[in-house]
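Heads up: the structure comes next, in C-alpha cells.
Chain letters run A, B, ... following the sequence lines, proteins first, then strands; residues in each count from 1.
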Amino acid sequence: MSGKLQDIINKQNTLHNSEDQLEDIVQLVGFIVGEEEYSIPILNIQEIIKPIDWTRVPQTPAYVLGVFNLRGSVIPLIDLRTRFGLTPRKHTDETRFIVMKNDDEVAGFVIDRLTEAIRLKKSDIGPAPETAFQDKSLIEGVGKQEDKILTILKVNKLLERDF
Amino acid sequence: MDEFQEILQDFLIESFELLEQLDQDLVELETNPEDLELLNRIFRVAHTIKGASSFLNFDVLTHLTHHMEDVLNKARHGELSLTSDIMDVVLESIDLMKAILFNVRDNGNDSGVEVDACVARLDVISTGGDIAAAEPAAAEPTPEPVAEVPVEPEEEMNYDDMSEDDIEAEIMRLLNEKQEEDKAKRKAKIAAGEEVPMMPGMEEAAASEAEPTPEPTPEPEAAPVAPPPPPPPPAAVAKPKTEPKAAAPAAKRAPTTVEQTIRVDVKRLDHLMNLIGELVLGKNRLIKINDDVEERYEGEEFLEELNQVVSIVSLVTTDLQIAVMKTRMLPIGKVFNKFPRMIRDLSRELGKKIELEISGEETELDKSIVEEIGDPLVHIIRNSCDHGVESIEDRLASGKSETGVIALKAYNEGNHIVIQITDDGKGLDTDMLKNKSLEKGIITEKEADTMSDKEAFALIFKPGFSTAAQVTNVSGRGVGMDVVKTNIEKLNGIIDIESEVGVGTTIKLKIPLTLAIIQALLVGVQEEYYAIPLASVLETVRISKDEIYTVENRSVMRLREEVLALVHIGDIFEVERVFDSSEHAYVVVLGLAESKIGLIVDSLVGQEEIVIKSLGEYLKGIEGIAGATIRGDGGVTLIVDVAALMHMAKTVKSTISAEVEASSEANVEKTKASDYVVMVVDDSKTDRTIMRTSLRELGITLVEATDGQEALNILKQGEYRFDAMLIDIEMPRMDGYTLATEIKKYNKYKNLPLIAVTSRAGKSDRMRGVESGMIEYITKPYSPDYLRNVVSRNIKFKAELAS
C-alpha cells in the first residue's frame, strides 16, 4: 500500500518536474520556403489556411501579393519566397497561407509547405548570425536540432512595413 | 470627485448648448432691441450659467456673468436701450464667457482669462455711464459695482449667511430651474429631430398667428400634462415669433410630458454603424448566393421560400441601416447658428451692410460631416462678405439696395445634401481671375486662353490665389478657399460655382449624406475590379478609341462643350495590360470639389452598396486607394480614392497614346543587323534549318519555336522584341492560324508582321491566313532570295547593316 502511494507521489513529482521544464521550452511551427526550413513561435500563428483568392494592391513591392478576405477582415498577403529574394513559383497542393499576428498586426504569408510543430529547449537556441544590418534582420535566432539547424524568424519584423 | 466630474460635464454640455442659441439671439436682438422675449431668453442664459458656475466655484465666470446679468436686467426692464456700442460690450463679454468655458473644459479651471476690463465696461453701462468715457475711466472703477454685489443676495448667493430653510428653498428653486431647462432641451431635440417634417407647418402657424401675442410667462413646469401626439399648433401659438428662423427656440419652451431623448456616447453609435456595415456585407453575400442557387435549382419549390427570406433580410437590413444612420444625423442648423454673429461682426468691420438669410437649417447630416463642414462654410462666407458684397457706395452706384444679401441654404438632393451660398455682390470676373492667376504664375497664357468660364471660376480654389489687392483682417491671404477645397474633397463632395458679373455668385457644395456605407460604381480593368464612390461619379460614357485625342502628351476627349482630360485606370494602378481587343472604351466622368476628370476603364460592372474597410497598418496610405470592401462573392475589391487619383493623373505617364507609338518606336534604334529579331515557328527541324540558312546572309537574330504554343510562350516572356514572325500553318498543339489569332489579341502586337510559310497554297487557305492576321503568304518551296526579300521588306531592314 505504501509502495503504491510512493509510486503516485513519485509520478506526481516527475510530472511536476516536467512542467518545470516546459517553461524553458519554445514551441515552434516549421515550414519550408525555397530550400530552407524556417520556423516561427506557435503563439504568433493565428491560423493556417489553404490558398484562397486575393486581390492585387498597386504601388506595393513585388512581395506584397495583395489582400485577401479572412472571414470579413481584409488582410495583407505577403509572399515569403519573393520576400527572401527567391523567384516566385506557382502554388502547389502543399502551399499554405500562415496568418501571423503580433499585437494588433495581422498578415498572411505564403509558404511552400509546412513541416512540423517543434519543441525546442531555450538553451538550444543560439543568437542570429551577425550581419551588417542587425536592425533589418528578420532572424530571431538559430535553433539546433539533432540533425539540422532551424532558422527562427522575427514575426514583428515580418509584420513591419518597410516600403 | 467623480460626481463632481459628472456635474461638471453636464454643466459644460448645457452651457455650450445655451451659448449656441445665445449668439443668434443677440444678433437678432440688435435688430429688434424691443423684443422682450429675446431679452428674457438672453438674460436667463447669463443667469443660468452664473447660477451653475457659482455652485461649481468658478469665481471668475460668476463674476463676469453677474455683471452681464446686471446690464441685461436693466435692458429687460427698459432702463437701458441697447445701442450697437453696448452690444459690442455685451458680445465681448459673451466671447470672454466662451473662452472661460473652453478653459474649464480643457483645464478644469476658470482662471487665465482677463475679465476685469470687460467687467468694468459692463459696470459703466449698467450704471448708466458712457462707454466712450469708460475706456479711460476703467482704471479707477466706479464704486457702484462693489456696493452692488452684496445688495443683491438673490442674484449672488451667499450660502454661508443663509439659514437652512433658505438653502432648502434655494435648492428647490435651482432644481426647478434645472428641470425647466431639461424639458426645454428635450423639446428642442424633438422639434429638431423626429418631428422635422412638421416644422414648416409649425413655423407658418407660429409666424402668422403669434406675431402680436404678448409673451405669456414661460412656466413649463406649470404646464398641464398634455397627451403627447397632437401638441404642435397650440404649443407654438403661445410663443411670439419674429421670424421663421426662431421656430426651434420658440418650440423650446413648449410643454412636454414624456422623456423622449437620451444622450448616447458617439462611440456606441460608431460601433453600431460598424456592425451594420458587416450586416450589409453579409446581405450582399446572401443575395449573390441566392442568385447562384436560383440558377442551379431553377423551378425547385424551396427556392420561393429562400427568396422570401432573402428579400425580408435585405429589406430589414436596409431599413436598419437607414435607422442607424438617422441616429447619427444632426441638423445643419448647428453649424449655421454661428454665422449670423459672424456676418454681424464682419459687416461692422468692413463697413458694409450685409444681411444673412438662412433656410433649410433643419436639413440633417451625419455627425462627422457636420463637424467638417463648418470651416469651409466660414471661409466661403468670409469671402462673400469681403470680395462678393460691394461697399455701400458701390452698391448704390450700381443701382442695388445698400444692404447686400447673403443667402445660406441647405436642402436634400437624392443621396446628397446641397449647401448653397448665394450673394448678390459683384460676381466673379473671369478675365480678372485669369489675369491674377497669370500674374501669380498659377496658370500659363495658353491655359488662360482655352479656359472655360467654369474652369476660370475654379481658379479661386488654387492655393496662393487671391484677388484682394491687399491682405485684410478678413481675407486675402490666398489660403481660405484652398481649405474649402481640401475639406470638401475629404468628404467626397463636389463644388459648383455659378457667377455673373454685377449680379452675384452662387457656390454649391454637394456632399454625400454619410461616409461609412456608400454606393459605389464597380468598374473592371483587365481582370481586376475597382469600386468608385458613386458620389464622385458624374456620368459614364462609351466612346470609340479614335475619339481620344492627344494634346501635349495628355489624352483628352470632347464631352459636349467641354474638353475632358483622360487617364486610364490601368496607368494609375499599374495594371499590366495584356489584352485589349475592344475598339471601345468606357469613360467614367469623375467630379470632386471643383475639378473633373475622365477615367478610362475596360468595363462597367454595376452599382453596389459597399462598406469601407481599412487596409490595415501594413498597407495604409497607398496613394489612390481609399480602402477595400468585401464583395458578394467573398472577394476583396479596392476602393478608389478619387481625390488622390485626380492628383496622380497629373503626373502619371499615359500609355493610351504610347500604345500606338510603341511599334514605330521599335524601329528607330536599330544600329546593327543583329538588332533585328525574327521568330521562326515550324515543327520540322529541316524547314527551320532551311529558313535559318536562307536568312543567314542578313545577319539578323533568329529565335526558333517548334509549335504555336511555344511561340506564344516566348512572345509572352517578352525577352525579345520581335520585328516579324515566320509561321508554319500545320503544327502540333497549336496551328499557325490559331497562333496568329492569339497574337493579334494582344494590343502591342497589333502591328507585328506575321508571315505564313506553308505548302498549303489553296485560295481558302490564304483567306484564312488573312483573316487570322497574317500579312504575307510564302509557299513552300521557295528560293532563299525570295524569303530574304519578303523578310527584309517586312522588318524594314536597312541594307547597309547587312553583314
Side-chain angles (χ1 to χ4, degrees), chain A residues 40 44-47 49-80 82-83 87-90 97-110 136 138 153-163, chain B residues 274-285 288 522 524-531 568-577 610-641 644-645 647-648 651-652:
Chain A
I40 57 165
N44 283 117
I45 297 181
Q46 182 180 318
E47 58 192 292
I49 55 170
K50 290 192 173 172
I52 54 172
D53 272 349
W54 68 88
T55 304
R56 188 185 68 92
V57 176
Q59 276 130 22
T60 49
Y63 60 79
V64 179
L65 294 180
V67 286
F68 67 104
N69 169 14
L70 186 71
R71 293 187 304 278
S73 302
V74 177
I75 291 177
L77 183 64
I78 294 151
D79 185 28
L80 276 187
T82 328
R83 185 80 170 86
T87 52
R89 206 180 64 175
K90 260 199 165 171
F97 294 176
I98 299 188
V99 182
M100 300 186 200
K101 62 167 195 284
N102 186 43
D103 296 334
D104 287 341
E105 302 267 301
V106 181
F109 291 83
V110 184
K136 284 194 172 174
L138 294 170
L153 296 172
K154 275 187 201 161
V155 175
N156 60 337
K157 280 285 170 197
L158 282 173
L159 287 171
E160 198 171 276
R161 172 172 170 161
D162 61 347
F163 54 91
Chain B
N274 285 342
L275 289 176
I276 302 278
E278 296 299 321
L279 191 59
V280 168
L281 290 179
K283 177 198 81 178
N284 286 349
R285 188 92 207 258
K288 165 92 171 118
L522 289 158
V525 50
Q526 301 293 326
E527 299 200 301
E528 296 185 3
Y529 296 101
Y530 290 89
H568 198 291
I569 191 168
D571 293 334
I572 299 274
F573 295 130
E574 306 165 330
V575 184
E576 207 179 314
R577 244 170 303 158
I610 60 164
V611 179
I612 301 179
K613 286 178 176 265
S614 119
L615 285 180
E617 196 63 23
Y618 192 84
L619 290 174
K620 73 167 181 206
I622 289 183
E623 210 187 2
I625 302 292
T629 187
I630 292 173
R631 297 272 306 282
D633 60 5
V636 180
T637 297
L638 300 179
I639 303 166
V640 174
D641 177 349
L645 183 137
H647 184 72
M648 291 162 84
T651 49
V652 92

The test is side-chain contact (heavy atoms from CB on, under 4.5 Å); show your working for Arg56(A) and Val575(B) and say whether it passes. CA-CA 9 Å; Arg56(A) 188 185 68 92; Val575(B) 184; 3.5 Å; yes
If one checks every heavy atom of Ser614(B) against chain A at 4.5 Å, the contacting part turns out to be backbone
Side chain from CB out, backbone as N, CA, C, O: work out which of these in Leu619(B) comes under 4.5 Å of a heavy atom of chain A, or both, or neither.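 Contact with chain A involves both backbone and side-chain atoms of Leu619(B).
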Taking Val67(A), Thr60(A), Asp53(A), Val64(A) one by one, which has the highest count of heavy-atom pairs under 4.5 Å against chain B? Val67(A)
Look at Thr55(A), Asp104(A), Leu159(A) and state which one has the largest set of heavy-atom pairs under 4.5 Å with chain B.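 Option with the greatest count: Thr55(A).
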Taking the side chain as everything from C-beta on, heavy atoms only, tell me whether Arg161(A) gets closer than 4.5 Å to Glu617(B). no
Could you tell me whether Glu278(B) atom CD has more than 12 heavy atoms of other residues or ligands within 6.0 Å of it?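 Count over threshold, so yes.
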With a 4.5 Å cut-off on heavy-atom pairs, point out which of Glu623(B), Lys613(B), Glu528(B), Glu574(B) contacts chain A the most. Glu574(B)
Which heavy atom of [X] sits nearest to which heavy atom of [Y], and what is that distance?
X: Ile625(B); Y: Pro58(A); value: CD1-CG, 4.1 Å
X: Ala628(B); Y: Val74(A); value: CB-CG1, 4.0 Å
X: Phe68(A); Y: Val636(B); value: C-CG2, 3.6 Å

Tell me, side chain or backbone of Glu105(A) under 4.5 Å from chain B's heavy atoms, or both, or neither?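 The answer is the side chain of Glu105(A).
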